[in-house]
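Structure, as structure tokens:
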Amino acid sequence: MRIQQRLQDLGITLPPVAIPAAAYVPFVQTGSLVFLSGHIAKRDGQPWVGQLGKTMGTEEGQQAARAIAIDLLGTLQAAVGDLDRVRRIVKVMSLVNSTADYTEQHLVTNGASQLFAQVFGDQIGAHARSAFGVAQIPLGACVEIELIAEIGDLGDNSPPTA
């Protein structure tokens with residue numbers, strides 16, 4: 001219950017897995033890796049629409065990325081049953097709907113990366129990452145993020161792989 005307690009301390013309640021809006025599944029597990037499909041930013045249950053550098057700034061983008069991280073954790077919990085099974089957040093890929101001259105996609109993505117570190121700690125939550133600026137995201141969302149995590153058995157205290 002270590003991760004559930006951290007979530008509770010942060011005032012976070014995980015949402016249920018969202019129903020896919022197209023021809024894909026929310027997650028796929030192969031071996032000890034779980035791949036989560038991209039999640040778009042939502043606010044009040046609706047797509048968080050905007051374009052960084054035009055209709056919204058970096059700080060709001062960080063808030064959107066943090067909201068996505070919470071949704072991703074809900075999907076990850078559904079995929080693995082218990083977030084204490086997560087041995088490592090391996091990779092995060094972030095797409096930021098931004099103007100051609102906007103260059104702070106990496107700072108927007110910090111909204112998600114920092115939450116993963118808060119929830120899992122620095123060793124498990126630290127991850128490889130890519131942050132891209134894109135011309136558009138489905139439904140006009142400002143940010144979309146996907147995630148890869150490594151899982152183990154409950155009680156497996158071996159260190160995460162590098």
Any side-chain heavy-atom pair from [X] and [Y] closer than 4.5 angstrom?
X: Ile145; Y: Met93; result: no
X: Val80; Y: Val34; result: yes
X: His127; Y: Ser113; result: yes
X: Phe116; Y: Val92; result: yes

Assess whether atom CD of Gln29 is packed by more than 12 heavy atoms of other residues, nucleotides or ligands within 6.0 Å.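 Atom CD in Gln29 is crowded, with more than 12 foreign heavy atoms closer than 6.0 Å.
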
So if you build clusters from Ile, Leu, Val, Met, Phe, Trp, Tyr with side-chain heavy-atom gaps below 4.5 Å, do [X] and [Y] land together?
X: Ile12; Y: Phe120; answer: yes
X: Phe35; Y: Val90; answer: yes
X: Val17; Y: Ile148; answer: no
X: Ile124; Y: Leu36; answer: yes
X: Phe27; Y: Leu83; answer: yes

Considering all heavy atoms of both residues, which atom of [X] and which atom of [Y] are nearest to each other, and what is their separation?
X: Ile89; Y: Leu76; value: CD1-CD2, 4.3 Å
X: Thr109; Y: Ala131; value: OG1-CB, 3.4 Å
X: Leu95; Y: Ile137; value: O-CD1, 3.2 Å
X: Met56; Y: Cys142; value: SD-CB, 3.4 Å
X: Ser94; Y: Val143; value: OG-CG1, 4.0 Å
X: Lys42; Y: Trp48; value: O-CE3, 3.6 Å

Glu60/Arg43 ion pair, N-O < 4.0 Å: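 Salt bridge flag = yes for Arg43 with Glu60.
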
Would you compute the distance between atom CD of Gln4 and atom CD of Gln8 and round it to the nearest 0.5 angstrom?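 If we round to the nearest 0.5 Å, Gln4:CD and Gln8:CD are 8.0 Å apart.
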
Roughly how far, to the nearest 0.5 Å, is the CZ atom of Arg85 from the OG atom of Ser32?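 It is 10.0 Å, given to the nearest 0.5 Å.
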
Short side-chain to backbone donor-acceptor contact, [X] and [Y], under 3.5 Å:
X: Arg66; Y: Ala112; answer: no
X: Asn97; Y: Ala141; answer: yes
X: Asp84; Y: Arg2; answer: yes
X: Gln5; Y: Leu7; answer: no
X: Gln105; Y: Tyr102; answer: yes
X: Arg87; Y: Ile151; answer: no

Do [X] and [Y] have side-chain atoms, one donor and one acceptor, less than 3.5 Å apart?
X: Asn110; Y: Arg129; answer: yes
X: Glu104; Y: Gln62; answer: no
X: Ser98; Y: Lys54; answer: no

Sort out for me which residue in Asp82, Val86, Leu73, Val119 forms a side chain to side chain contact (heavy atoms under 4.5 Å, CB included) with Ile3.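 Per the side chain to side chain contact (heavy atoms under 4.5 Å, CB included) rule, the option paired with Ile3 is Val119, out of Asp82, Val86, Leu73, Val119.
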
Step by step, work out the side-chain contact (heavy atoms from CB on, under 4.5 Å) result for His39 and Thr75. CA-CA 10 Å; His39 286 50; Thr75 300; 2.8 Å; yes

Evaluate Gln51 against Thr99 for side-chain contact (heavy atoms from CB on, under 4.5 Å), listing each step before the verdict. CA-CA 7 Å; Gln51 187 176 44; Thr99 61; 3.8 Å; yes

In sequence, state the C-alpha distance, the side-chain angles, and the governing distance for Leu139 and Ile40, and then conclude on side-chain contact (heavy atoms from CB on, under 4.5 Å). CA-CA 9 Å; Leu139 306 176; Ile40 63 169; 3.9 Å; yes

